[in-house]
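Computed over heavy atoms, backbone and side chain alike; hydrogens, waters and symmetry mates excluded. The residues of the chain are indexed from 1 along the displayed sequence.
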Amino acid sequence: MSLVRAEMILGNTGCLFLPGICIPFYRAAEKEWILLDCGPSSQRENLLGFLDENGIRVRAVLVSHAHFDHVENCACLQQRYGARIVMTAFDGGMTHDALALKACFYSHTVQDNEAYCGQMICRADQILSPDAKETEVCKAVFRLIPLPGHAASQMGVVTPDGVMYLADSLFGPKELEWEKLFYMLDWTEALKTMERISKLSYQAYILAHRAIVRGEIAPLAEQNRRQMRKGLEEMLDLCQGENTLEELARKVAQAKHTYVKTVEKARFLERLVRSMAEYWLEQGDLNIRLRDGILVYARREEKEDV
């Protein structure tokens, strides 16, 4: 049984479903597709196998945001099909080389980035300006809608058929049920983005992690917002006394029954918890101070030592 299936959503807009992720596409011609993101390298064999088996040529990849599970096949598709890679200015710069990737993976060495994140490195053929409202790719016009929060310059893409790709700005009901922790670069912006999404009106929506919504998106956006707020509040409750970032990360992992057995997972957890703590710093519910020369987080109502 094939691990990849294609489903047409509306008009020439469809979606490729792979294990753990989906890749939206727009059919520019019968056997010529424009992909919206391209999946992780772990799914490369499945992706290329499907494309070859069906005689499909990838004309372009329009990238929503430069996280590994969205861009790791860009360079491969560029080399194999001559696919045109379209990115925001921020993402195009960040994926330029292993040193630039430290803008995102700041706890990695350059050598770590080469070893673990090297598949993300690619050269954009077309750079989108920060204020771009639409872009033409292979004679098809796509509307662009900023969706910051999960990533610095994440954007939603509306196909010519009126189908919107939300990337990782929302998660489907199953993922909300299964996942223990969600990563957002900036929680304040992510929650605002969810609020804006609830006011959108398109015929269908595609979420990066295998969810299709036809019709009203507001109920799912509100479900996401409520669950994300709950996770933030649970993290705040764990911040009793003074906590280094490592101590806070350990508390979160224990509370969520998340087992950290690799350096990569520890790094990811550190980034995730840091972003949650920064949200509460912005809200004024946490403060940050020094304890023996080390930064610690504490609840705002707890008195600082004079």
A.B. asks: In terms of side-chain heavy atoms, does Arg84 have a donor or acceptor partner in Gln126 at a distance below 3.5 Å?
C.D. replies: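 Arg84 vs Gln126: donor-acceptor pair found between side chains.
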A.B. asks: Is it the case that the side chain of Gln119 and the backbone of Ser41 share a donor-acceptor pair, with hydrogens and angles ignored and the cut-off at 3.5 Å?
C.D. replies: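 Looks like no, no N/O pair under 3.5 Å.
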A.B. asks: Side chains of Glu282 and Thr188: any donor to acceptor distance under 3.5 Å?
C.D. replies: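 Indeed, the side chains of Thr188 and Glu282 share at least one donor-acceptor pair under 3.5 Å.
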A.B. asks: Using modelled atom types and a 3.5 Å cut-off, is there a donor and acceptor pairing between side-chain atoms of Gln154 and backbone atoms of Asp168?
C.D. replies: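 Flag set: sc Gln154 to bb Asp168 pair under 3.5 Å.
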A.B. asks: Do other residues, nucleotides or ligands put more than 12 heavy atoms under 6.0 Å from Ile294 CD1?
C.D. replies: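 It does not: Ile294 CD1 has 12 such atoms or fewer within range.
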A.B. asks: Would you check if there is a donor-acceptor pair between the side chains of Asn287 and Arg289 at a distance under 3.5 Å?
C.D. replies: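 Judged by distance alone, the side chains do pair up.
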A.B. asks: Could you tell me whether the side chain of Lys265 and the main chain of Tyr259 form a donor-acceptor pair under 3.5 Å?
C.D. replies: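 At least one qualifying donor-acceptor pair exists.
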A.B. asks: Quick check: is Val273 connected to Met184 through a chain of hydrophobic side chains (ILVMFWY, heavy atoms under 4.5 Å apart)?
C.D. replies: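 Result: yes, single cluster for both.
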A.B. asks: Hey, does the side chain of Arg274 reach the backbone of Leu245 with a donor-acceptor pair shorter than 3.5 angstrom?
C.D. replies: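 No, the answer is negative, given that no donor and acceptor are paired below the 3.5 Å cut-off.
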A.B. asks: Is there a donor in the side chain of His108 and an acceptor in the side chain of Glu114, or the other way round, less than 3.5 Å apart?
C.D. replies: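 Result is no, nothing qualifies.
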A.B. asks: Above 12 or not: heavy atoms from other molecules or residues under 6.0 Å from OH of Tyr183?
C.D. replies: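 Above 12, so yes.
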A.B. asks: Tell me yes or no: between the side chains of Asp285 and Tyr279, is some donor less than 3.5 Å from an acceptor?
C.D. replies: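 Side-chain D/A pair, Asp285 to Tyr279: absent.
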A.B. asks: Is it possible for you to say whether Val71 and Ile85 belong to one hydrophobic cluster, with membership spreading through side-chain heavy-atom contacts below 4.5 Å?
C.D. replies: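 Looking at the clustering, Ile85 is in the same group as Val71.
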A.B. asks: Return yes when atom CD of Glu136 has more than 12 non-hydrogen atoms of other residues, nucleotides or ligands closer than 6.0 Å, and no otherwise.
C.D. replies: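 Check passes, neighbour count above 12.
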A.B. asks: Verify the neighbour count for atom CD of Gln79: are there more than 12 heavy atoms of other residues, nucleotides or ligands below 6.0 Å?
C.D. replies: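 No - once you tally the heavy atoms of other residues, nucleotides and ligands closer than 6.0 Å, there are 12 at most.
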A.B. asks: Which distance, rounded to the nearest 0.5 Å, do you find between the CG of Leu170 and the CD of Glu175?
C.D. replies: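 Separation between the atoms: 11.0 Å.
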A.B. asks: Using ring centroids (six-membered ring only for Trp), state whether Tyr26 and Phe142 fall under 6.0 Å.
C.D. replies: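 Yes, close enough.
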A.B. asks: Would you say Asn113's side chain and Val110's backbone share a donor-acceptor pair under 3.5 angstrom?
C.D. replies: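 A pair under 3.5 Å: no.
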A.B. asks: Return yes if some donor-acceptor pair links the side-chain N/O of Arg299 with the main-chain N/O of Leu236 below 3.5 Å, else return no.
C.D. replies: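 Present.
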A.B. asks: Looking at Lys174, I'd like to know if its NZ atom is crowded, meaning that more than 12 non-hydrogen atoms belonging to other residues, nucleotides or ligands lie closer than 6.0 Å.
C.D. replies: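 Not buried by this count: 12 neighbours or fewer within 6.0 Å.
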A.B. asks: Near Tyr106 OH, under 6.0 Å, is it more than 12 heavy atoms from other residues, nucleotides or ligands?
C.D. replies: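 Check passes, neighbour count above 12.
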A.B. asks: Anything under 30° is parallel, anything over 60° is perpendicular, the rest tilted; go ahead and classify Phe171 against Phe182.
C.D. replies: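 Taking Phe182 first and then Phe171, their aromatic rings sit tilted (interplane angle of 30° to 60°).
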A.B. asks: Using distance alone, with no hydrogens and no angle criterion, decide if Gln78 and Asp125 have a side-chain donor and acceptor under 3.5 Å apart.
C.D. replies: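 Present: a donor and an acceptor within the cut-off.
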A.B. asks: Are Arg57 and Tyr81 in a cation-pi contact, defined as NZ or CZ under 6.0 Å from the six-membered ring centre and within 45° of the axis?
C.D. replies: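 The answer is no, since Arg57 fails at least one limit relative to Tyr81.
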A.B. asks: Under 3.5 Å, is there a donor on one side chain and an acceptor on the other for Arg196 and Thr193?
C.D. replies: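 There is such a pair (donor and acceptor under 3.5 Å, judged by atom type) between the side chains of Arg196 and Thr193.
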A.B. asks: Taking the six-membered ring for Trp, are His67 and His65 parallel (under 30°), tilted (30 to 60°) or perpendicular (over 60°)?
C.D. replies: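 Perpendicular.
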A.B. asks: Are Trp33 and Phe25 close enough that their ring centers fall under 6.0 Å?
C.D. replies: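 Yes; Phe25 has its ring centre under 6.0 Å from that of Trp33.
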A.B. asks: Honestly curious: do Val4 and Leu207 fall in one hydrophobic cluster under the side-chain, below-4.5 Å linking rule?
C.D. replies: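 The answer is no; the residues belong to distinct hydrophobic clusters.
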A.B. asks: How long is the straight-line distance from CG of Asp91 back to OG of Ser153, given to the nearest 0.5 Å?
C.D. replies: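 Between Ser153 OG and Asp91 CG, I get 3.5 Å after rounding to 0.5 Å.
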A.B. asks: Check whether the side chains of Tyr202 and Arg143 place a donor and an acceptor atom closer than 3.5 Å, and report yes or no.
C.D. replies: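 Side chains of Tyr202 and Arg143: pair found under 3.5 Å.
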A.B. asks: Measure from the side-chain N and O atoms of Asp186 to the backbone N and O of Glu189, and report whether any donor-acceptor pair falls under 3.5 Å.
C.D. replies: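 Pair found, side chain donor or acceptor close to backbone of Glu189.
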